[in-house]
Every structure is written in C-alpha cells, then in structure tokens.
Visitor: 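My structure is below; once you've seen it, I'll send some questions.
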There are 2 protein chains.
Amino acid sequence: MARNLATGQVSIANVAALANVSTATVSRVLSGQRDKDDDISRRVKEAAAKLNYSVNFAASSLRSDVTRTIGLVIPEISEEQTPTLLLNSLSAAIREANRYLLLAIGADAERQKEDLHSLLTRGIDGLIIISSNDENLVESLDEEYKNLPIVQIGGKSLTPHINWVGTDQSEAMRMTVDHLAEQGSHAIAYLSREIESYTAADLFTTFYTQSKALDLTPDPDWVQFGPCTMERGYQAAISLFQDRRVVPDAVVCASDSIAMGVLIACKHLGLDVPEDVKIIGYGDAPACEIAQPALTSIRPMYEEIAEESVSIICDWDTNKPRMAAYQAFKPELIYRESTWSPRTGSSDMTLPGTADN
Amino acid sequence: MARNLATGQVSIANVAALANVSTATVSRVLSGQRDKDDDISRRVKEAAAKLNYSVNFAASSLRSDVTRTIGLVIPEISEEQTPTLLLNSLSAAIREANRYLLLAIGADAERQKEDLHSLLTRGIDGLIIISSNDENLVESLDEEYKNLPIVQIGGKSLTPHINWVGTDQSEAMRMTVDHLAEQGSHAIAYLSREIESYTAADLFTTFYTQSKALDLTPDPDWVQFGPCTMERGYQAAISLFQDRRVVPDAVVCASDSIAMGVLIACKHLGLDVPEDVKIIGYGDAPACEIAQPALTSIRPMYEEIAEESVSIICDWDTNKPRMAAYQAFKPELIYRESTWSPRTGSSDMTLPGTADN
DNA sequence: ATGAAAGCGCTAACAA
DNA sequence: TTGTTAGCGCTTTCAT
C-alpha cells in the first residue's frame, strides 16, 4: 500500500519502505539531523519526493513538542497604521525562518488577553505581542508558560523577563527636534499619546531636554497628551492656533493620524504648511505620501524589528536561560514637504506616486 | 501525580482520575459530544477547571484530523487597503467561530502558491484566499486537497468547485453611475483595473450599459485600464484633462488609490472637486476621510463577506457534497464631498475625525 | 550509524 | 450510556 487508506496521506512508513530503511532513518534524514550525503540519504530523499511526502504536523508536534508556529497578538488595525506595516514585515520574517504565523487581532486589552490564552493553550513555539496600550498583558500568564520565548514589540518594557524590541524613542525625538531646529523652527508644540502610556513620559522628557539644549522654548501649554486620532489632532491644532497671540511654528505629533488632523486644521485656519507651521508625524504610513503637503514622518525600522523579534524566538534555547533581550533600533526621518520650506526644499508639489508599490 | 512530568502539562488522564470517570468520558463531556448536565458532567468540568486543563492540540488534531484552524492567503498589504480591512473582519469572524487564523502574506503569485502549499501540508480545516491578481492559485492544488473547503474572496470565480464570496461588482458600478447621474454628471470617465483582471471586463460592461441606459455618453478614450496606484490615477487624470477641449465631469476609479491620484492631479490643474469634476473611489479606505475633499467611495460589506466565508468553512460537511457557494454582497456607497456639489451637499469642510476609531 | 520499539495525548471504534 | 483499548504518525531512546 502506498498510502494510508483513511486520510489519503503518505506516511513516513511508506517512505521508509520504498527507501529500504527504517522510519527512524527517514525521520533523521528529512529533519536534517543526519546530514551525511550518502546513498541512504539520497534514497530517502528520492522516495519522499516520489511519494510527495510531507510530515504530518500534528504527529510531529505531539511527539516533539515543537510547532514551528509563532503566535502574534496585535490590536485592531485602524487609523494607527504601525501595526499593519509591522505585520507585513513580521510575516516576511516568519516565512524566511520557515515558521508559521498564527494571528490574533484583539481590539481591546480584554480580548487580547483572551487571544493570548487561546494561543498558548493551542501550542506555539513563541509569542510576539504588539500592544497599543501599554497594558501589561504578560502579567496574566500562568507559570507554565514562563519558559516560552515572548517578545514585546514597542510600548514600554515592563517586566525584565520579557524580550523587548522596538524603536529608540529618545533618538526619534532627538532627530525630530534637531530637524525642526535646522529648518528654522523656534517654537515647537508636541502632541503626545495618552499620558498613561509609559512611552509618553519618556518621549516628553527627551522632547523637553532636547528643546532646551537647542535653546528652543517649549511652552508648557504646547505639550498635550491624548489619543492618536485625526480628530484629536484637528482639535488640538485649532486650540493651539485660533485666537492666540503666540503660536508655535512647528507641531510634533506622536502619530501620523494626529499629524493629518493638524494638517487639515491648518488649512482651515489659512496657515501655510510648511511656511507658517511645520508638521511632523510618526509611523510613515502610506497616507503620508498622499497628504498635501506630503507629511514628514519618523519611520521605525519595521524590517529590522521584525527580523530581530523572530530571531529571538527561533534561536531560543530553553536550557540556556539568558537575559531578556532589549533591542532599540534608531528610526529614520523621512523628509517631506510638511517640514521643508520652499527656500530649503522644493515648493513644487512633487508627485507622490513613486512610493512603495 | 497531578501532571505529566515531562511537559508540565495536565493531561486528560489527570482529569479522568480526579473526576472518577474514564478518559473517553472526559473527552466526550469537554468536546460537547455528551451534553447531558448530570453529576458526571459536572464532576468532569469541575476537575478540568480545578486542574486548569486544556486539550493538547497536537494530540487532538492527530487523532481526529481536525485542526480548528483556517488558513488565509493574502497579498502584501500596500497601497491597496481592501485586504487589510478584510483581514480585520476575517479575524473577528474566525474568533467568533472559535477557530484559529493561520496567516500567510505573499506579495506575488509565486509566493502565494508556496504559502498555499505550506498551509495545506501543515494541516488546516479550510482555506480562504484573497488574490489581488486574478491568477488561479487553486489550479495548482493536488488532488488530495480537493475535499478541503476553499473560499475565494473577490476576484473572478474561476473554477466551479471553489466557493466564492465577494462584492456584486455590477451592482457597485450601477450605484456609482446612478449617483453621479443624480448629481448632474453627463460625461463620466472610468479608470479601471488591469485589463487582464477578469473583473475588469465585467465592470466595464456594466459601466458601459448603465451609462447608455442613463443617456450618458461614455467616450471610448475615457475608459482606461491600468494598475491600482496613485501615480497611475495622477497620470491618467493629467492626460484626461490637460489641453483637451472635451473633458469628463466625473471620474470613476477602481480603487481609492487611483482616486487619490486623480484628486491631486485636479488640484494641480486648478479644477474644483466636486464643482468641476466629481471623483469616486472604491474600497472606502480610511484615507478617504483624510482626503480633501473627502472621497466618496464604494464600501464592500467587509463584515458580511468575512462572516460568510468563515461560515462556509465551519459548516462544511465533507460527506455531503454540495454545490460551491456563490455569494455576492451588494456594497454601500459612502457619500462624501468629492461628489457633493456645494448646492446639493455641504461645501463646508466637515471634520472627518468622527470615523471609526 | 541504523533499526526496533515505546509512547506523546487524544479520539473513535468497539465492548460491556 | 460508559469504559476499554487501539492507534493516529511521528520522534527518540535504547539496543544493536
């Protein structure tokens, strides 16, 4: 018999029979555990190819407790584009590592907790968490999962035994403020994330420090905390600029969505961007290219962050307890028209279509 | 012993022992196969809860050949937002159905074919495909997978034994043209997808028929086929409007990205939208709210499409060979400023922030 | 280095 | 209805 009658699937026994070796040898050859390139090896590989054999995943997992599967918990894909962009890169990295991606999208912390539990009981080799709110999902984990490699991307690193990969936010802020200063800004406003988010505090500190270092005057009223939505950006800009004697000449935003809102508000108020106000976003969402003027934005190193996260999980060795990783990548600043004054850059509307396909 | 020493996991045997029943009974109670609510049932459930038991996925799959996992093959998330929006809805539907989502993102047809093979050999209960190009991925499937439920979302239904779920494109086009006619348009241009895409032909046919029915004059030069990018929309609009004596007063676009490009081009050319030209997109991407003016767009029934797709897979009965499903949902037309003339609608820029959070 | 055989944890067939 | 038991397909130990 060439195949199991029930499932219609070729099993390792069929390969073993055809290659005239034991099932153990087939397993060893195909898993790369036995890498000698002799006659046996060739026979096994030929037999496997001929029968179109592929290992039964469930059986393999059951026996070896390895699933070749990485769980990913992310918040709902919405205005905030960062998770989406990261998802692309993560998927590519996981494919490269020859692993599978088990995805759970949970809008709020409650559902994310459910997702987490669900993935863990199902069985995965590692877990990647992109948490939008800085809630500590991992706190709720049972003891039995403490030796599973877990990587948190972004947010605040809360527990020392969780690997953290993300963007060097201080560096991001430094680049932002430096760039604006270079472009001639003196009075910078800062629309941050929610104050509860731990990163917000860090960013604010850097913003404040850097502003002072450059002899800029950060007006306390100009630093505001709130949600990462376009509406919030719009409202904040209105309150910053309307009926005010002293107004900022640049607005730094914690997300591209906020920046879009500011952009729209400026147009309504008849303010020229970048002549009167410079605007800078965060995330380098595709919409930055679309905006008019195109939006300068901080671009996290999505690919590097994804690859590093996957590497941590794939190279994990349970026996060798190493310290939790902490990898902060310096982001890129993507210069566009919203911070380029006509004198410095091109005032002509460049065609934005040459973006990524 | 309360748990297996090797894996640290509680097994069904532990639960059986604590509840004083056989493992088979535990399995039956917990799987819902035995739904009587008597003492045995209670004892089993209590024991399972007490020991924090959850079934071993690999063992269950191996034995029953059920993975509770749905594979999803999608193209890379890029300018084209539709797959992203659909992903959100699909994830929600899959969670609702108490299944897992195994995601494979493949930029081109070649990689999607790899993904497909990879998912199938791994073992899934059903497969959902969102193919951007209308390539027939499923043709390449081995015979042994022919009884696996496969759902294709969107694109052209190519093989009769594949379930198809998507948008009623003819209806979409009808709504579009009707709306434009109502708004007073007489000369409509149509920027379609690539001509190779099968849907393009359908849409064009509807566009042509409907235009004629409404006594509009579809100029052959005004129907163009091409990629769904902003750049293409820009270039197309330039060629439509620049140095022409007769120009369209409305542009129907096969994607929001194209529409964005047209919008930008119109601004460059000094054309007022919607006064001089009305523009309508497809997909209702978040960017439609951002655009200035906000972009009218056709919105597919993302939630319904997702739920239907998942239902087909979950309700699949291999024994009962039924006909392949074909479910076309009528889309919504989201009216925004790009097709509302000041006389008809509001010329005042409404705040777009009230969108989905 | 290779083969024989145990057994991962569960479900389903069969027996009571 | 419940229990007993075989066995899903693989990996891995142990014996050769």
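Lettering of chains follows the sequences in order, A, B, ..., and the numbering in each one begins at 1.
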Visitor: Report the distance from atom CG of A/Asp65 to atom C1' of D/dG9, rounded to the nearest whole Å.
Guide: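 Rounded to whole Å, this separation is 16 Å.
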Visitor: Taking atom C1' of D/dT1 as reference, at what distance in whole Å does atom CG of B/Asp38 sit?
Guide: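 About 10 Å, once rounded to whole Å.
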Visitor: Checking B/Tyr53 now: which residues fulfil ring-ring contact (aromatic ring centres under 6.0 Å, His included) with it, not counting sequence neighbours?
Guide: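 B/Tyr53 satisfies ring-ring contact (aromatic ring centres under 6.0 Å, His included) with no other residue.
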Visitor: Take B/Leu119 and B/Thr69 through the test side chain to side chain contact (heavy atoms under 4.5 Å, CB included) and record every step on the way to the result.
Guide: CA-CA 10 Å; B/Leu119 290 181; B/Thr69 301; over 6 Å; no
Visitor: Is the shortest side-chain N to carboxylate O distance from A/Glu76 to A/Arg111 below 4.0 Å?
Guide: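 Result for this pair is no, no salt bridge flagged.
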Visitor: Atom CZ of B/Arg43 and atom P of D/dT1: how far apart are they, to the nearest Å?
Guide: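 So the two atoms are 16 Å apart, to the nearest Å.
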Visitor: Send over the distance from A/Leu30 CG to D/dT12 C1', rounded to a whole Å.
Guide: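 About 16 Å, once rounded to whole Å.
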Visitor: Mind calculating the distance between CG (B/Asp35) and P (D/dT1) to the nearest angstrom?
Guide: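 To the nearest whole Å, that distance equals 10 Å.
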Visitor: Please tell me whether B/Ser54 and A/Arg122 have a donor and an acceptor in their side chains that are separated by less than 3.5 angstrom.
Guide: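 Per modelled atom types, B/Ser54 and A/Arg122 side chains form no pair under 3.5 Å.
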Visitor: Hey, is the side chain of B/Ser22 poking within less than 4.0 Å of OP1 or OP2 on D/dT4, counting only N and O atoms?
Guide: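 No, B/Ser22 has no side-chain N/O under 4.0 Å of OP1/OP2 on D/dT4.
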Visitor: When you look at A/Asp39 and A/Arg43, which way does the salt bridge (Lys or Arg N to Asp or Glu O under 4.0 Å) test go after all the steps?
Guide: CA-CA 6 Å; A/Asp39 188 53; A/Arg43 254 160 45 216; 3.0 Å; yes
Visitor: To the nearest Å, give me how far apart CG (A/Asp37) and C1' (C/dA1) are.
Guide: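 So the CG-C1' distance, A/Asp37 to C/dA1, works out to 16 Å.
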Visitor: Under 3.5 Å, which donor-acceptor pairs link side chains of residues 300-314 of chain B to any protein atom two or more places apart or in another chain?
Guide:
from	atom 1	to	atom 2	distance (Å)
B/Tyr302	OH	B/Gly283	O	2.6
B/Ser309	OG	B/Ile305	O	2.7
B/Ser311	OG	B/Glu307	O	2.9

Visitor: Tell me the interatomic distance from A/Arg122, atom CZ, to C/dG9, atom C1', rounded to whole angstroms.
Guide: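 Result: 16 Å.
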Visitor: Can you check nucleotides 10-12 of chain C for protein contacts, nitrogen or oxygen pairs under 3.5 Å, and list what you find?
Guide:
from	atom 1	to	atom 2	distance (Å)
C/dC10	OP1	B/Tyr53	OH	2.5
C/dC10	OP1	B/Asn56	N	3.2
C/dC10	OP2	B/Ile12	N	2.4
C/dT11	OP2	B/Ser27	OG	2.6
C/dT11	O2	B/Arg63	NH1	2.5
C/dA12	O4'	B/Arg63	NH2	3.3

